[in-house]
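This structure is a prediction, so every number in the text was calculated from the model and none was measured. Chain letters run A, B, ... following the sequence lines, proteins first and then strands; every chain starts at 1.
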2 protein chains.
Amino acid sequence: MNSKLGLLEPLESLSMTDRVENILREYFTENAFKPGDALPNELEIAQKLNVSRNVVREALSRLRMLGMIEARPRRGMIMSQPDLLAGIEKVLNPFILSQSNQKDIFELRLILEMGIAEFLFARKTQKDLDELELIVEKQKTLPVLSKEDEIEFHGKLYDMTGNETFQRFQSLLFPVFEHVFASMTNQKDNYVLVDPVSHADLFRILRDGTPEAFRKAMHKHLEVYYNTIKK
Amino acid sequence: MNSKLGLLEPLESLSMTDRVENILREYFTENAFKPGDALPNELEIAQKLNVSRNVVREALSRLRMLGMIEARPRRGMIMSQPDLLAGIEKVLNPFILSQSNQKDIFELRLILEMGIAEFLFARKTQKDLDELELIVEKQKTLPVLSKEDEIEFHGKLYDMTGNETFQRFQSLLFPVFEHVFASMTNQKDNYVLVDPVSHADLFRILRDGTPEAFRKAMHKHLEVYYNTIKK
DNA sequence: TCTTTACATTTGTCCTACAAATATAATAGT
DNA sequence: ACTATTATATTTGTAGGACAAATGTAAAGA
């Protein structure tokens with residue numbers, strides 16, 4: 001009778017707060033709430049749902065954190081434009097993320113670096129190229145590139161994509177990326193690796209070449225990371 | 001005296017809940033809390049921080065939503081492995097996201113499709129290829145591909161990357177992607193477009209070709225979307 | 001009609017209370 | 001001394017009351 005009981009998932013016992021959170025989000029969606037729209041007040045919601053104001057406030061607190069709603073003291077709440085990355089930002093902590101998630105993020109960064117090529121070529125401007133060249137020239141004089149130098153160059157690339165979310169997303173992913181790579185290369189190999197493709201090479205291709213050539217070069221540039229990918 | 005007053009940013013007046021949320025996350029980080037570690041109880045936190053238990057609970061409610069902590073009724077709270085995409089999942093609603101964020105997401109999906117090539121070739125198995133071929137063969141018999149057919153093929157690709165987060169991420173992005181594209185192509189051009197590169201073509205290249213060739217083909221396959229990219 | 005005053009509204013915060021179930025300590029029984 | 005039972009303490013989830021503060025609105029007065 002109890003055979004295979006281990007396969008049974010524990011049926012999720014949602015707290016009142018969880019349920020109210022879900023109900024509210026559905027309510028917003030189904031009634032096509034748009035940014036600026038006024039929300040019912042807390043007491044009204046509590047009474048309609050037959051829960052305490054505490055529970056409602058705990059649920060609203062979550063939505064407020066996501067930027068989905070805005071509470072203006074003494075003037076009621078309104079719908080708002082959520083912050084796309086607010087939720088993920090608070091969670092990107094290498095010490096509490098699962099190994100699996102950390103690996104996923106490591107790979108996500110590699111994918112982004114390869115994927116942005118089309119956008120770079122579609123949107124590059126002379127001003128952008130000049131600024132990137134400045135960075136490259138400065139780095140040429142350095143004996144070795146620091147973490148900050150890497151961020152400066154690649155950050156500028158994300159900048160040039162004209163996509164604000166990429167830019168911010170990448171800066172959020174980078175610390176985790178670094179952490180994963182550091183833990184993979186067991187600290188012992190602290191040698192400075194010579195890039196087979198330098199930032200200067202990437203710059204030249206971005207200026208004169210094609211997306212195809214850029215992706216090829218970027219792949220070479222990131223070779224040391226791609227080499228860690230296991231089947 | 002008041003000239004240029006408009007340039008002054010309103011100094012962020014954080015609520016107690018906001019501040020407690022920040023303090024708690026810092027506390028976890030600085031004390032290297034790891035999944036499974038026991039947390040102080042609510043009353044203790046409230047007394048230490050000199051705020052009411054309500055405020056603490058509202059802050060904890062947010063962290064619970066992110067999966068960062070777990071509360072076991074009557075047994076205290078423990079640190080937990082956060083759900084990487086829990087936050088973003090609740091916010092991916094085309095009707096409340098800003099136009100700018102929607103555009104960013106549209107582009108993000110294109111970037112992912114191009115970027116996964118390396119991973120597909122590094123991790124493809126015969127079993128995966130067989131399953132993908134099955135999908136392709138089935139779709140060959142169809143006069144026209146539905147949205148579900150698209151999801152089935154591309155979803156299988158994400159599957160093959162061996163990256164759970166990609167898989168889930170992509171399925172979250174897709175509805176927004178569709179919504180953006182639909183609103184760009186003013187409904188009027190409902191004609192069925194003939195892919196310059198079909199799913200069958202992509203499959204053959206994935207089986208016999210190179211990442212480079214695959215990216216090239218994928219770019220062609222997504223041409224209609226890439227054509228929408230503006231400077 | 002305009003100004004001033006009073007009132008109602010609503011979020012943020014604090015407080016108290018208690019159910020329920022678990023872990024721990026205390027008691028009783030052998 | 002050891003086990004079994006009972007009582008106690010703990011802690012989250014939920015309910016409900018209270019009030020400050022500032023805003024918008026209605027009422028009163030000039």
At under 4.0 Å between heavy atoms, how does the protein contact nucleotides 9-19 of chain D? Give one character per nucleotide, 5' to 3', with B, S or -.
--BBBBBB-B-

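Distance A/Leu60 CG to C/dT13 P: 14 Å, rounded to the nearest Å. As a whole-Å value, the separation of A/Glu70 CD from C/dG12 P is 11 Å.
Qualifying side-chain contact (heavy atoms from CB on, under 4.5 Å) partners for A/Ala46, counting only residues two or more places apart in sequence or in other chains: A/Val56.
With respect to A/Glu21 and B/Arg64, no salt bridge is recorded, no charged nitrogen being found less than 4.0 Å from a carboxylate O. Salt bridge absent: A/Arg123 and A/Asp128 never bring a charged side-chain N and a carboxylate O closer than 4.0 Å.
Contacts classified as salt bridge (charged side-chain N to carboxylate O under 4.0 Å, His left out) and involving residues 33-48 of chain A (residues at least two apart or in different chains) are given here: A/Glu42-A/Arg53, A/Glu42-A/Arg57.
Expressed to the nearest 0.5 Å, how far CZ of A/Arg25 lies from CD1 of B/Ile96 amounts to 9.5 Å.
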